[in-house]
Visitor: 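My questions all concern the structure below.
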Amino acid sequence: MGLGPMMSSLMRSKTGPLLVALQIAVTLAIVINSLYIVVQRVERINRDPGLDVDNVIIAYVRGFGENFDVVDSITNDIILIKSIPGVVAATVSDHVPLSGSGSGTGLRTVPDETIEPVSTGYYRWGEEGLDALGIELSRGRNFFPEEVNYILPASDPPTPPSVLVTQNLADDLFGEEDALGKTVYWGNMEPSTIVGIIGHLHGSWVTWDKLAHVVIQPGKPANTTNKYIIRVEPGMRDGLMPIIEQKLGESNRQRVVKSVRSLEEMAARSYRRDRGMAIILSIVISLLIGLTALVIVGLSSFHVTQRTKQIGIRRALGARRGDIINEFLLENWLITTVGAVLGIILTAFVAYWLEVSFELTRLDWRYLPAGIVILWVLSTLAAIEPARRAASVSPAVATRSG
Amino acid sequence: MFNYNLKLSLKSMRRNPIMTGLMVAAIAVGIGISMTTLTVYYMMNGNPIPEKSDVLFAVTLDNWNPIRPFDDDRPERAPHQVTFHDAERLLAIGKGKRQTAMFESSLIIEPIDDEGLPFEAGARVTSADFFVMFNVPFIYGSGWDKSADAAAEPMVVLTKGLNERLFGGEDSVGNWLTMQGTRFLVTGVIDTWEPTPRFFDPINGGFQEINEMFIPYSLTRVLELTSAGSDWGWKSEEINSFEEWLNSEAVWVQYFVELESTRERDDYLVHLDAYVEEQKRLGRFERPLNNNIYDVMEWMDYHEVVANDAKILLGLSFLFLVVCLLSTIALMLTKFVGKKSEISLRRALGASRKVIFNQQIVEVAVIGFSGGLIGLSLAALGLQGIEYLYDAPAGLVKLDWVMMFTAIGIAIVSSMIAGLYPAWRVCQIPPAAQLKTQ
């Protein structure tokens with residue numbers, strides 16, 4: 001295998017190959033760092049929220065006028081919603097998980113204000129809340145109906161004796177100990193007992209690092225705007241949304257149905273930044289890889305044309321087609337590898353910039369070899385056709401003048 | 001001479017359409033991506049009210065928990081909003097040139113005629129100075145008078161969109177609207193007003209549309225208006241009535257003041273300190289004195305209005321542009337090498353190095369300009385995509401003249417930089433050197 005002719009042609013025009021190597025280096029730096037961000041965002045979007053996102057409908061209604069009685073309205077609405085065929089369960093809630101709107105509080109295991117509380121999202125919903133969201137209780141019990149009372153606005157309801165917490169919150173409160181049956185203290189130092197533990201559930205703010213901290217109080221919040229969480233039979237959601245909207249609208253004229261939406265749509269909205277970033281970076285990666293590949297194809301083809309005579313002479317002197325192909329591919333591989341080595345250094349710089357300036361997690365080093373292998377494959381694929389054409393140069397070319 | 005160069009360039013570009021196409025495409029994609037991200041960054045980083053951004057200040061007071069700061073990561077900061085009653089008292093004292101308190105709420109608008117249906121509309125609950133302070137443009141009428149603030153009179157200023165929906169876009173000043181059983185007098189309709197970022201409320205979203213209407217702050221007590229924005233509390237207080245809620249230590253009101261000179265600013269801080277000292281004597285404000293004012297751009301920084309993702313994309317897309325330029329240089333170099341014989345011939349026939357160089361540069365500029373134009377259309381497309389992906393109000397990010405010139409400028413300048421070395425190399429070709437070997 002003769003490296004000679006290849007090296008000499010590489011050395012004669014250093015700038016061109018060096019530029020391609022540089023281009024490959026910067027491409028590697030962008031692709032690896034972008035890919036890493038994309039993977040992280042996609043993983044985040046695909047986390048298990050611990051509830052039945054696909055089959056839940058959320059309705060927002062708001063009453064007005066002097067004769068409007070919010071408690072009557074909620075009671076009748078829930079009866080009405082549950083009478084619709086296909087509805088599995090329904091509850092009124094103060095907030096909706098994954099919606100971006102919620103409440104937060106701090107809990108303690110001892111009634112001592114000087115101790116840092118554990119932050120958590122919190123909800124109030126009725127005894128059908130778990131069923132309405134498709135949440136599984138891993139241990140303990142759900143609320144009893146008699147524990148669930150209406151909570152009027154600007155009222156100070158008594159602290160409920162029973163609460164549900166997620167396992168994640170329980171672990172951060174009690175560590176190794178079993179949290180079931182234990183007491184937690186609210187900001188006003190009033191106690192509640194943990195009667196049930198939810199294996200896993202996401203709260204309202206998807207960007208919050210304590211998203212899986214959730215505590216639930218029993219209650220039917222009678223706020224200005226009432227939020228109904230409704231779970232339906234699989235596959236019936238889209239058909240039922242307009243029916244629910246229409247029935248709610250007709251049943252009480254002193255009330256505006258603000259919106260009826262699927263939880264899936266609301267969750268997608270909460271994750272739109274992550275999804276947007278993942279899509280934009282995927283487009284950037286594809287364009288970049290496409291461009292670099294095209295440039296390699298373009299330059300290799302041009303070199304083949306330029307070296308037609310040289311190739312012809314070598315063929316006339318006994319070089320086989322395979323030798324010519326190998327030579328072109330090897331040249332291309334060498335350029336790519338020089339680019340990849342430079343690229344690793346550049347990738348590390350960009351990763352450092354992202355980590356220090358934006359607090360992104362440190363780049364997983366395994367992306368580097370993966371990226372280099374992809375580059376090798378890609379640049380070989382891009383060069384293979386021009387190399388074939390080079391190999392098809394007839395030895396007779398050598399005999400021509402000019 | 002320029003026309004001759006141009007003609008030669010076009011000829012040379014046509015001779016090698018694939019190489020030319022690749023170069024134009026490389027520049028177009030590079031410009032398309034980098035202009036998209038640059039425009040988003042420029043929009044987010046923009047000054048929403050340049051004529052007044054250094055005289056408008058957001059006010060923060062530290063009424064937070066004596067044993068814990070508002071923000072553990074930045075303990076030097078006071079809460080980013082103030083309590084309802086502090087805002088109410090500061091408004092009443094009126095120490096600044098102008099001042100306004102505000103929060104977001106929403107009301108049900110009852111139908112004007114028998115056919116309409118009631119609907120909910122977003123409201124900014126604020127005070128009379130809001131409109132003058134923030135240079136809000138009016139189509140009809142004006143904001144309400146300060147006396148309406150004092151007397152808690154139900155008055156409303158509509159946005160153009162809401163006025164369109166309710167009154168078909170006609171001059172509705174003097175008309176009445178019924179909202180939640182109360183009759184409101186329309187005092188004005190504002191024209192399209194899209195401060196970007198929405199500087200007066202970065203807390204509830206810097207890039208949202210403005211609320212559909214404005215009503216007096218003093219109506220909060222009368223109509224028991226609740227905030228639709230974020231509220232934060234630390235103290236466990238027993239709240240059994242709306243009145244007790246308004247008088248609680250929860251923060252949910254944004255407070256702005258207009259101060260023209262350094263002296264006014266200093267005086268205002270002294271005034272805030274005096275106010276808090278007085279409240280301290282009543283047993284409130286248990287933390288050390290920590291009152292601050294932030295001008296508009298400081299307030300945007302405080303809330304990190306420019307998303308990190310936008311900065312990351314900007315950085316990565318400029319690296320992308322570097323890749324595009326490297327490809328252009330490589331392609332151009334290769335292409336010029338192929339023109340060796342032509343150049344030597346021209347040199348042999350008397351063309352000076354300068355002439356050859358100029359011709360190469362013109363060719364490069366033509367490629368840069370074409371790439372820039374295509375890149376601009378790609379950027380326009382990219383921005384549409386971003387508005388869609390991020391669910392932004394239509395037209396939030398658009399290419400203005402500044403951005404268009406920047407794009408073309410970057411395209412031409414960067415492609416000329418990319419062409420300099422190849423052009424210089426070409427000039428080094430000795431006259432007739434190539435002819436000899438033929």
Side-chain angles (χ1 to χ4, degrees), chain A residues 13 15-16 19-20 22-23 26-27 29-30 33-34 37 62-66 113-114 116 153-156 186-190 223-225 253 256 258 269 272-273 275-277 279-281 283-284 287-288 290-292 294-295 298-299 301-303 305-306 350 353-354 357-360 402, chain B residues 18-19 22 25-26 29 33 36-37 67-68 106-108 110 117-120 179-181 224 226 233-245 307-309 311-313 315-317 319-320 322-324 326-327 329-331 333-335 337-338 382 385-386 389-391 421 425 438:
Chain A
S13 53
T15 331
L19 284 170
V20 177
L22 268 180
Q23 173 173 357
V26 186
T27 300
I30 302 176
N33 282 292
S34 303
I37 296 175
R62 177 171 174 182
F64 65 96
E66 279 166 32
E113 208 183 329
T114 58
E116 184 83 18
S155 68
D156 206 18
W186 302 86
N188 57 6
M189 300 306 147
E190 295 278 340
N223 298 328
T224 321
T225 291
R253 295 282 178 198
V256 173
K258 288 164 62 171
R269 211 184 133 74
R272 68 185 186 280
R273 285 181 178 212
R275 189 175 319 93
M277 189 73 168
I279 291 175
I280 294 171
L281 286 177
I283 294 174
V284 167
L287 284 174
L288 196 54
L291 180 74
T292 300
L294 279 179
V295 168
L299 290 177
S301 314
F302 198 87
H303 284 138
T305 322
Q306 288 289 301
V350 174
W353 169 66
L354 292 173
S357 312
F358 306 107
E359 291 161 16
L360 295 193
Chain B
I18 293 179
M19 293 292 249
L22 263 179
V29 174
I33 298 265
T36 305
T37 58
I67 56 174
R68 202 161 283 123
S106 64
L107 289 92
I108 303 277
E110 292 173 32
L117 289 169
F119 64 92
E120 185 183 55
M179 296 193 271
Q180 295 179 194
E224 304 205 345
T226 50
W234 58 272
K235 198 172 179 182
S236 57
E237 294 162 286
E238 200 170 305
I239 291 165
N240 287 310
S241 67
F242 189 74
E243 190 67 20
E244 281 175 355
W245 161 244
N308 270 349
D309 280 0
K311 295 182 196 164
I312 294 173
L313 284 177
L316 290 178
S317 67
L319 273 180
F320 191 132
V322 169
V323 171
C324 295
L326 286 170
S327 342
I329 302 178
L331 291 166
L333 201 61
T334 318
K335 198 182 153 206
V337 169
I386 284 186
L389 283 178
Y390 289 84
D391 210 3
Y421 175 70
R425 277 279 296 269
Q438 296 291 312

Visitor: Taking only residues two or more places apart in sequence or in another chain, which ones pass ring pair (Phe, Tyr, Trp, His ring centres under 6.0 Å) with B:F119?
Guide: none
Visitor: Measuring heavy-atom distances to chain A, does B:K235 have an atom under 4.5 Å in its side chain, in its backbone, in both, or in neither?
Guide: neither
Visitor: Does a side-chain N-to-carboxylate-O contact under 4.0 Å join A:R269 and B:D391?
Guide: yes
Visitor: Counting only non-hydrogen atoms closer than 4.5 Å, does B:S106 touch chain A with its backbone (N, CA, C, O), its side chain (CB onward), both, or neither?
Guide: both
Visitor: Could you pull out all residues at least two apart from B:T37 that satisfy side chain to side chain donor-acceptor pair (under 3.5 Å)?
Guide: B:S317
Visitor: Looking at every non-hydrogen atom in both residues, tell me the closest pair between B:A330 and A:V20 and how far apart they are.
Guide: CB-CG2, 4.5 Å
Visitor: What residue, out of A:V295, A:I283, A:L288, has the most heavy-atom pairs lying under 4.5 Å from chain B?
Guide: A:L288
Visitor: Less than 4.5 Å to any heavy atom of chain A: does that hold for the side chain of B:I312, its backbone, both, or neither?
Guide: both
Visitor: Please classify the contact of B:T334 with chain A as side chain, backbone, both or neither, using a heavy-atom distance under 4.5 Å.
Guide: both
Visitor: Under 4.5 Å from any heavy atom of chain A, what part of B:I67 do you find: side chain, backbone, both or neither?
Guide: side chain
Visitor: Counting only heavy atoms closer than 4.5 Å, note whether A:E113 contacts chain B via side chain, backbone, both or neither.
Guide: both
Visitor: Give, as side chain, backbone, both or neither, the part of B:I33 having an atom under 4.5 angstrom from any heavy atom of chain A.
Guide: side chain
